[in-house]
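Numbering starts at 1 and runs along the sequence shown. Note that ligands are numbered from 1 as they come in the structure, with each ligand's atoms numbered from 1 the same way.
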Amino acid sequence: MCGIVGYIGPKQAVPILVSGLKRLEYRGYDSAGVAVLDGASLETRRGAGKITNLEGALAANLLTGKVGIAHTRWATHGPPTERNAHPHRSTDETIAVVHNGIIENADLLRRQLTALGHTFRSDTDTETIAHLIQELYEESLEEAVIAALRKVEGTFGIAVVSSRDPEKIVAARQGSPLLIGVGDGEYFLASDASAILAHTRNVVYLDDGDLCVLTPDGYRVMDIHSTPIRRSVERIEWDLAAIERGGYDHFMLKEIFEQPQTVENAMRGRLILEDGTSKLGGLNMSHDELLNIDNVIITACGTSWHSALIGEMMIEEIARIPTEVEYASEFRYRNPIVTPRTLCIVISQSGETADTLAAMREAKRRGARTLGLVNVVGSTIAREDDGGIYLHAGPEIGVASTKAFTSQVVALALFALKLGRQRTLSVIVGREIAEAMAELPKQIQSILDSAPLIEKIAETYKDSQNFLYLGRGYNFPAALEGALKLKEISYIHAEGYPAAEMKHGPIALIDESMPVVFVAPHDAVFEKIVSNIQEVRARHGKTIVITSQDEPALEGLIDHEIRVPHTIDMLTPILASIPLQLLAYYTALKRGANVDQPRNLAKSVTVE
Ligand code: M6R
């Protein structure tokens with residue numbers, strides 16, 4: 001949600017900043033801007049809309065200089081116009097600031113600064129920081145930033161440059177990620193490593209409360225009292241190919257097609273077929289500590305919340321531990337029952353989702369042990385949890401989460417298997433589960449081969465106004481996920497329901513114009529869902545049914561069928577989600593929507 005890039009070194013800053021912004025565009029894409037210092041001259045260029053508009057502004061009016069900061073925005077305060085695009089400048093135009101996060105006391109600060117004679121030129125909360133720094137500037141930029149941040153309430157990742165201290169970038173982090181890129185005689189700043197990976201793999205992750213000063217000669221990290229802090233340099237292990245489209249039309253399509261590999265990666269070295277269990281090195285919990293868990297709470301948002309629902313069923317079914325799932329945004333403000341024997345699992349692709357992070361901190365405060373299922377290595381949740389399971393899915397750039405979802409479900413299955421084998425699950429059943437998991441990559445590949453069939457179904461229904469997604473048991477969350485995928489990228493209204501709930505209300509919507517997607521593999525509730533399919537047919541609804549390859553019962557009963565290989569019940573949502581993702585992708589594509597950057601959304605939601 002919003003992206004920051006900074007550069008200081010011997011090269012021209014603008015090309016580095018703009019290419020970094022393009023890598024970050026998936027984090028927010030409603031406006032963008034740069035500020036560059038050339039000696040004591042500080043200039044900015046900004047543009048509403050995509051980064052190509054900013055490039056137009058830069059082409060029309062060149063900017064030179066070797067120190068600069070840049071930003072791509074997802075609007076919180078004020079509409080996505082050029083006037084609200086970052087960087088924002090102080091009244092005397094000597095300070096420029098880019099900011100991710102929200103300044104909660106911005107209105108109060110704005111009134112105070114206006115009374116002191118400052119002139120505001122935007123509707124943003126960020127602009128207050130620029131004026132505040134000007135107001136408090138005495139000796140150096142870092143001192144002024146520290147003084148300003150003492151007056152600010154809220155969350156921020158900021159980068160600041162000033163014509164009064166031109167050989168410097170000052171940055172600070174409180175609740176919004178930032179890292180320093182350490183190059184060879186040059187230094188970078190970014191909210192996300194992908195922005196600077198073309199230049200360096202060596203990064204220093206900043207923690208909340210950290211402030212850093214970059215100069216052409218090096219960097220310093222300190223706290224808000226100017227006390228120096230040592231932070232280690234870490235190496236990014238993935239390479240540029242992972243954040244490029246690699247011949248696919250969209251990141252989302254690439255990421256869907258990567259799933260045989262990403263599911264394999266999630267299991268690599270972890271699945272122990274012989275013992276029917278898993279080995280999970282990052283849990284940081286002993287055998288006895290795992291046995292001592294009384295209950296599990298899983299908390300997450302969006303797609304990650306859907307995988308949590310599947311995890312709940314797996315843990316209860318095969319490990320017999322009471323488990324509940326809660327939206328992170330609700331959990332954080334409730335008074336939940338948490339004990340030292342509660343395990344709180346937080347699931348997040350980005351590891352930065354504000355509500356999920358806050359929920360994890362709340363669970364910790366109440367004494368729970370926390371376990372993060374996270375994709376982005378080095379992200380805040382991954383660094384603050386007590387233990388974790390990395391998804392190893394590689395960078396997910398498409399705003400619609402796909403490969404992270406299947407990897408989350410795999411990670412949950414591995415964990416449930418481990419818990420189950422420690423408790424009541426026999427080695428025979430454990431082996432059956434492990435063997436079924438080992439089959440998944442090959443099975444996913446075979447589903448991907450049916451993409452042309454799904455594309456045809458998308459063509460048939462692309463003009464529909466509404467879709468209903470129905471599933472039962474393990475595939476009720478899959479139905480929710482299918483509906484979310486469709487609505488977020490195609491803008492068609494879609495709802496997911498447990499199939500049997502349909503007759504308690506949604507059935508009123510069924511007529512010949514309503515496509516209904518049934519997630520109906522051959523599992524324990526298959527016969528039940530067949531009745532629900534008949535109920536829709538009887539009302540002339542259109543049925544698109546995802547079912548198992550070896551299932552003859554539906555012939556003549558449905559309008560479209562998508563066949564997936566047979567697997568054990570708990571793994572069916574993994575296979576079913578592949579056609580659901582493809583259906584959403586092709587439908588959005590045929591409606592001319594921007595698949596990778598759907599309107600109003602951003603990849604990682606770092607505001608609550
Ligand atoms: O990074 P996270 O997994 O914490 O993100 C949670 C949601 O914001 C995310 O899954 C969102 O719902 C996606 N756009 C779904 O495709």
Per the side-chain hydrogen bond (donor to acceptor under 3.5 Å, both in side chains) rule, which among E312, E481, Q408 passes with S307?
-> Q408
Is the closest heavy atom of L601 to ligand 1 under 4.0 Å?
-> no
Under 3.5 Å: N/O of A400 near N/O of ligand 1 = no
Relative to the heavy atoms of S348, which atoms of ligand 1 are at a distance of less than 4.0 Å?
-> 1 (O), 2 (P), 3 (O), 4 (O)
Would you kindly say whether N84 and S31 are connected by a side-chain donor-acceptor distance under 3.5 Å?
-> no
Taking only non-hydrogen atoms of S401 and a 4.0 Å limit, the atoms of ligand 1 in range are 15 (C), 16 (O)
Sidechain-backbone polar pair: K487 side chain, A494 backbone, donor-acceptor under 3.5 Å = yes
Nearest protein heavy atom to atom 6 (C) of ligand 1, by residue and atom, and its distance?
-> C301 O, 3.3 Å
Identity and separation of the nearest protein heavy atom to atom 4 (O) of ligand 1 | T353 OG1, 2.4 Å
Verify whether one side chain among S304 and Q349 offers a donor that lies under 3.5 Å from an acceptor in the other.
-> no
Below 3.5 angstrom, do we get any N/O pair linking Q408 and ligand 1?
-> no
Going by distance alone, is a donor N or O of one side chain under 3.5 Å from an acceptor N or O of the other, for Q259 and T406?
-> yes
Atoms of ligand 1 close to V399 [distance to a heavy atom under 4.0 angstrom, numbered from 1] = 13 (C), 14 (N), 16 (O)
Enumerated ligand 1 atoms positioned under 4.0 Å from heavy atoms of S304 | 2 (P), 3 (O), 10 (O)
Does T356, backbone or side chain, put an N or O under 3.5 Å from an N or O of ligand 1?
-> no
What orientation do Y585 and H250 show, parallel under 30°, tilted 30 to 60°, or perpendicular over 60°?
-> perpendicular
Does ligand 1 have any atom that is closer than 4.0 Å to a heavy atom of K485?
-> yes
Identify the protein heavy atom lying closest to atom 14 (N) of ligand 1, giving its residue, its atom name and the separation to 0.1 Å.
-> E488 OE1, 2.7 Å
Nearest to atom 15 (C) of ligand 1, what protein heavy atom do you find, and at what distance?
-> T303 OG1, 3.0 Å
Describe, in one word, how the ring planes of H71 and H86 are oriented to each other, choosing from parallel (under 30°), tilted (30 to 60°) and perpendicular (over 60°).
-> parallel
Nearest-neighbour protein heavy atom for atom 8 (O) of ligand 1, which is reported as residue plus atom name and distance | V605 CG2, 4.0 Å
Do the two ring centres, one from F188 and one from H199, sit under 6.0 Å apart?
-> yes
Under 3.5 Å, is there a donor-acceptor pair between the N335 and R366 side chains?
-> yes
